[in-house]
Amino acid sequence: MSKIEEKSIDLATQEALQKAQDENIKTTWDRLDCQQPQCGFGQLGSCCTVCNMGPCRIDPFGEGAQVGVCGANVDTIAARNLARKVAVGASAHSDHGRDVAHTLALLAQEGEHKHASGTHTHNYTIVDTEKFHKLAKEFGINPENKSKEEIAKELSKKLLEEFGKQEGELAFCQRAPQKRQQLWRKLGLTPRGIDREVVELLHTTTMGVDNDYKNILNTAMRCALSDGWGGSMIATEVQDIILGSPQPIRGKVNLGVLKENYVNIVVHGHEPVLSEMAVKAANDPELVKLAKSYGAEGINLVGICCTANEVLMRHGVPVAGNFLQQELAIVTGAVEVMLVDVQCIMPALHEVSNCFHTKLITTSSKARFPGVMHIDFTIDNAYETAKAIIKAGVENFPNRDKQRVSIPKHEMDLVAGFTKEVVFNILGGQYRSTYQPLNDAIVSGRLRGLAGVVGCNNPKQTHDLFHTVLVKELIKNDVLVLQTGCSAIACAKQGLLIPEAAKLYAGKGLQEICEAVGIPPVLHLGACVDNSRILTAASHVIAQGGLGEDLSDIPAAGCAPEWMSEKAITIGLYFVASGVYTIFGASPFAVLGSKNLTNYLTNEIEGVVGGCFAFSDDPLEMARLMIAHIDKKRQALKLKPAMY
Ligand code: SF4
Ligand code: MSK
């Protein structure tokens, strides 16, 4: 078993892990130890369970079986395995997008009901009217002389149709540069309907259908694009409309945001529709009064994972931690309720919460745990549900064992909320929103380029180490870093998401820019679905001019250094299919068993779509590779070398 300092670089995590160890509470790191050695066939992607003639596995040393019972070789098997993960990742993001679009539809219905009955029943409203009207126009709806309910009804119908469409092109593909759209059309990669692409990918990867690994990859890319330029983009856009578009906002991050004398409620998962109501309910005077009657000073709502990013971006709600800290928040002994929705919620939370007074409460009919309290959340009972959950937390406060409470004192400031619109405004000034200063900075070489660093944590790597080392190296070399998800939380904990970080860590060019406009050298763009913000921001960079005609021309690169989720693979593939050079960290997705597929993904595919993958288990090497790629793109554009 490795030492605690080898498990995480984060001091709060180390302290909480020590407490878990002292109290003999098992965490993900212990369970990883119990899994050793992990299956070599699984790691190489050369095991197939697609049909009941198997499971089959291909001998990597060329001595044993080289094909499965049906005759599938390792290229087919590895490509199918990868593709199925892409389908799952796309379905997770896109189902999230569907639920948010559905909320918009219900909002319209309830609004109509309100007009008819004169009563106010709904919990949600249109918060960002400007974005709402812009999006309506993008979908061919003229908002003039229409009530917001009428527009919401028409718009939600069109958005929901994006999921079930059988032909044509997803509407948001038109946001991509013309050249990229043409390439997708030429290659047959333009997604038609979101659900259709997921279903088709699953179909083609079943036994006895597609055996051409390159063709399987094409189908997978179309599916991944239906996530990035479809489901995820719908989630981001509609969340901004009904919950408000983020603005730069200060917040705090790490386990130290839990408060000893308060009722602590942790929201965890991905869909912000309920947690938005939880934020309101935590401030409900009736519930605050109740908390005080139990001896607490108030109610402290904090977040984990992407739900945390959502409520941070919109309300400045503190972030307790990223993926690998979910169990540790409970281990502090100070959490009354952990409210979970969907995705990235470890099944182990049930057992860990049973070691304390913490109530784990599930809220989605899609994500239930046996024996765990479930309070079903629906859009029309949103506020009541949130109140009931917060109340359960307040009533649980007296059950806390004060002797077992130990909250690590570590917390850090951060600034989040940098959407594509915000970057537009900040760079161009309020009256001249433009990306020109950003493009000029890249052209002049003051800024070397852009990097997206995203994704999860994985106990196979030292927690937060890769994110931090990589991002520090990038900003040192004048690369402006855009972040989402648990990666943003990792770097925030290390103090990289505050404007002051520019002086401490950034190269001279990036420092000058950050100081001129008052931004951190690392910009937090939101949750995992908000990777779609990176796509639209990059499209604006191209539209602004001077940096080529396609996304693949921009001096930019992406990386998921500590990834673990299938969703990360889908994100990686839609970035590659959009023309971005993308590195995956220590455990490359399981394709290495197939030399052909690995070569295709890391080499040949660049000639097809302009982007490709690289795999590395060294964060400094990742940075070097990304910077070399950025410099290659600068040369191709005939730009001067980086200034400093
Ligand atoms: Fe084996 Fe082929 Fe069935 Fe896969 S599809 S389990 S390789 S027989
Ligand atoms: S939450 S997908 S662990 S980034 Fe989006 Fe974090 Fe990865 Fe989940």
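Values reported hereafter were calculated over all heavy atoms of this structure, with side chains retained and with hydrogens, waters and symmetry mates removed. Source: prediction; values computed, not measured. First listed ligand is number 1; within each ligand, the first listed atom is number 1.
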Near [X], which atoms of ligand 2 are under 4.0 Å from a heavy atom of that residue?
{"X": "Met564", "answer": "3 (S)"}
{"X": "Cys528", "answer": "2 (S), 4 (S), 5 (Fe)"}
{"X": "Cys305", "answer": "1 (S)"}
{"X": "Phe323", "answer": "3 (S)"}
{"X": "Cys344", "answer": "1 (S), 2 (S), 3 (S), 8 (Fe)"}

Decide, yes or no, whether a salt bridge links [X] with [Y] under the criterion of side-chain N to carboxylate O below 4.0 Å.
{"X": "Asp33", "Y": "Lys26", "value": "no"}
{"X": "Asp240", "Y": "Arg314", "value": "yes"}
{"X": "Arg31", "Y": "Glu351", "value": "no"}

Original post:
Quick one: nearest non-hydrogen protein atom to atom 3 (Fe) of ligand 1, plus distance?
Top reply: Cys51 SG, 2.4 Å
**OP:** Distance to 0.1 Å, residue and atom name: give those for the protein heavy atom nearest to atom 8 (S) of ligand 1.
**Re:** Cys70 N, 3.3 Å
Distance under 4.0 Å to a non-hydrogen atom of [X]: what atoms of ligand 1 satisfy this?
{"X": "Met207", "answer": "5 (S)"}
{"X": "Cys48", "answer": "4 (Fe), 5 (S), 6 (S), 7 (S)"}
{"X": "Arg80", "answer": "4 (Fe), 5 (S)"}
{"X": "Met53", "answer": "8 (S)"}
{"X": "Gly68", "answer": "7 (S)"}
{"X": "Cys56", "answer": "1 (Fe), 6 (S), 7 (S), 8 (S)"}

Subject >> Euclidean distance, Gln483 CD relative to Leu497 CG, rounded to 0.5 Å >> reply: 6.0 Å
Original post:
Does one side chain, of Gln325 or Asn457, offer a donor that lies under 3.5 Å from an acceptor on the other?
Top reply: no
**OP:** Say whether Asp530 and Thr236, considering side chains only, have a donor N or O and an acceptor N or O under 3.5 Å apart.
**Re:** yes
**OP:** With heavy atoms under 4.0 Å as the rule, classify the contact between His270 and ligand 2 as side chain, backbone, both or neither.
**Re:** side chain
**OP:** May I ask which of Ser565, Cys456, Ala308, Gly526 has a heavy atom nearer to atom 3 (S) of ligand 2 than the others do?
**Re:** Cys456
**OP:** Step through the shown structure and confirm whether more than 12 heavy atoms of other residues, nucleotides or ligands are within 6.0 Å of CZ on Arg57.
**Re:** no
Original post:
Taking Asn264 as the fixed residue, which of Asn300, Thr332, Thr358 is the one that meets the side-chain hydrogen bond (donor to acceptor under 3.5 Å, both in side chains) rule?
Top reply: Asn300
